Amino acid sequence: MNKPWKLVLPLLITGGLTACANTNPSAEPASSVAQTPVEVAKPVPPVAPTIEVQAKHTSDGRLILGEQEWVYIPGLQESFKARIDTGATTSSISATDIVPFERDGKDWVKFKIEHDNIKSKEMALPVDRWVRIRQSSAEGTQRRAVVQAWIQIGDVKEKTAFTLADRTHLTFPVLLGRSFFDNVALVDVSRKYVQDKRE
């Protein structure tokens, strides 16, 4: 009685497995299924920091000056720190060892520029005019020579008038007034040393 089942049971199991294998005839073998490519994100190169380059000239070509600038004096072949003073009319330079003399019937003056214990070589220039200066700290007036001297700031070289005065007690040996920069420059008091120092 048990023997026929031993023959039938394997046939039933085999038939069931075959039926299960054919239930999804449209299925493709795993190896033939198309794979969707995965995009790998490329590393983003670092962005260089933006450095703001501030202008040294106005759109019409004038110099832009800060509250403080380096002034090159060709006659002495040296650069000095200068304060740009929009309230002063005339420029001033720190002169010591001032000696007036006469040459060809005209007034001349020789002097040295002294500041921070550094003394320039001697310079001699004709006197453009003499002025009387009244100082609040002293009684009376002082007679001072005004000379014309070449200076250079940035790419501008100009001749300008300087009053000779002892400025050794002040921070800046050179003060530039409106007589210099009115026609050639625009002053931005929020900036300093806009123009490059000439070595």
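This chain uses plain numbering: 1 for the first residue, then up along the sequence. All figures in this text were calculated on a predicted structure; none of them were measured in a lab.
- Shown here for Arg132 and Thr141, the closest heavy-atom pair between the two residues is CD-OG1, 3.5 Å.
- Residues Phe162 and Ile133 do not share a hydrophobic cluster, clusters being chains of Ile/Leu/Val/Met/Phe/Trp/Tyr side chains in contact below 4.5 Å.
- Considering Asp85, Thr86, Thr89 as possible partners of Arg178, the one that fulfils the side chain to side chain donor-acceptor pair (under 3.5 Å) test is Thr89.
- Val109 places a side-chain heavy atom less than 4.5 Å from the side chain of Ile98.
- Under the 6.0 Å distance and 45° angle rule, Arg83 does not count as a cation-pi partner of Phe172.
- Counting heavy atoms from C-beta outward, Thr160 and Trp150 have side chains that stay 4.5 Å or more apart.
- Side-chain contact, Gln68 with Tyr193: a donor N or O sits under 3.5 Å from an acceptor N or O.
- The closest donor-acceptor contact from the side chain of His115 to the backbone of Phe80 lies at 3.5 Å or more, if one exists at all.
- Looking at Thr163, its side chain never comes within 3.5 Å of a backbone N or O of Ser92 through a donor-acceptor pair.
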Determine, step by step, whether Val194 and Asp188 satisfy the side chain to side chain contact (heavy atoms under 4.5 Å, CB included) criterion, reporting the C-alpha distance in whole Å, the side-chain angles of both residues, the deciding distance to 0.1 Å, and the verdict. CA-CA 9 Å; Val194 176; Asp188 182 351; 5.9 Å; no
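- Salt bridge annotation for Asp97-Lys119: present, with a cationic side-chain nitrogen under 4.0 angstrom from a carboxylate oxygen.
- A heavy-atom distance below 4.5 Å is found between the side chains of Val131 and Arg144.
- The NE2 atom of His169 sits 9.5 Å away from the OG1 atom of Thr171 when rounded to the nearest 0.5 Å.
- What you find for Ile84 and Phe181 is that their closest heavy atoms are CG2-CE2, 3.7 Å.
- A heavy-atom distance below 4.5 Å is found between the side chains of Leu63 and Asp155.
- Side chain of Ser79 to main chain of Lys197: no donor-acceptor pair is present (N/O by atom type, distance under 3.5 Å, no hydrogens or angles).
- In terms of heavy atoms, Gln195 sits closest to Ile64 at NE2-O, 2.9 Å.
- Heavy atoms only, all atoms of each residue included: Gly177 and Ser91 are closest at N-OG, 3.0 Å.
- Here the side chain of Asp104 pairs no donor or acceptor atom with the backbone of Lys106 at under 3.5 angstrom.
- Contact check for Ile73 versus Glu78: no side-chain heavy atoms found under the 4.5 Å cut-off.
- Atom CD of residue Glu122 and atom CG of residue Leu76 lie 10.5 Å apart, to the nearest 0.5 angstrom.
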With side chain to side chain contact (heavy atoms under 4.5 Å, CB included) as the criterion, how do Phe111 and Asp166 come out once you've worked through the C-alpha distance, each side chain's angles and the decisive distance to 0.1 Å? CA-CA 11 Å; Phe111 61 94; Asp166 186 349; over 6 Å; no
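- For Glu114 (side chain) and Ser120 (main-chain N/O), no donor-acceptor pair under 3.5 Å exists by modelled atom type.
- The number of heavy-atom neighbours closer than 6.0 Å to CG of Asp60, taken from other residues, nucleotides and ligands shown, is above 12.
- Contact annotation: the side chain of Thr90 never approaches that of Leu175 to less than 4.5 Å [non-hydrogen atoms, C-beta and beyond].
- Of the inter-residue distances, the one linking Leu164 atom CG with Met123 atom CE reads 9.5 Å to the nearest 0.5 angstrom.
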Worked check of side chain to side chain contact (heavy atoms under 4.5 Å, CB included) between Val127 and Val146: CA-CA 6 Å; Val127 176; Val146 177; 5.9 Å; no
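- Counted by atom type alone, Trp70 and Asp196 present zero donor-acceptor pairs between their side chains at under 3.5 Å.
- Formation of a donor-acceptor pair under 3.5 Å by the Glu158 side chain with backbone atoms of Phe180 is not found in this model.
- Here the side chain of Glu69 pairs a donor or acceptor atom with the backbone of Gly66 at under 3.5 angstrom.
- Side chains of Ile93 and Val147 form no contact here, defined as non-hydrogen atoms less than 4.5 Å apart.
- Going from atom CG of Leu176 over to atom CG of Leu65 covers 7.5 Å, rounded to the nearest 0.5 Å.
- With Ser94 contributing its side chain and Pro173 its backbone, the two residues share no donor-acceptor pair below 3.5 Å.
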Mind running side chain to side chain contact (heavy atoms under 4.5 Å, CB included) on Lys157 and Ile151 for me, showing each step along the way? CA-CA 6 Å; Lys157 188 177 178 182; Ile151 64 168; over 6 Å; no
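- Side chain to side chain, Arg198 and Gln152 meet the donor-acceptor criterion of an N or O pair below 3.5 Å.
- Proximity of a side-chain donor or acceptor of Arg62 to a complementary backbone N or O of Leu186 within less than 3.5 Å is not detected.
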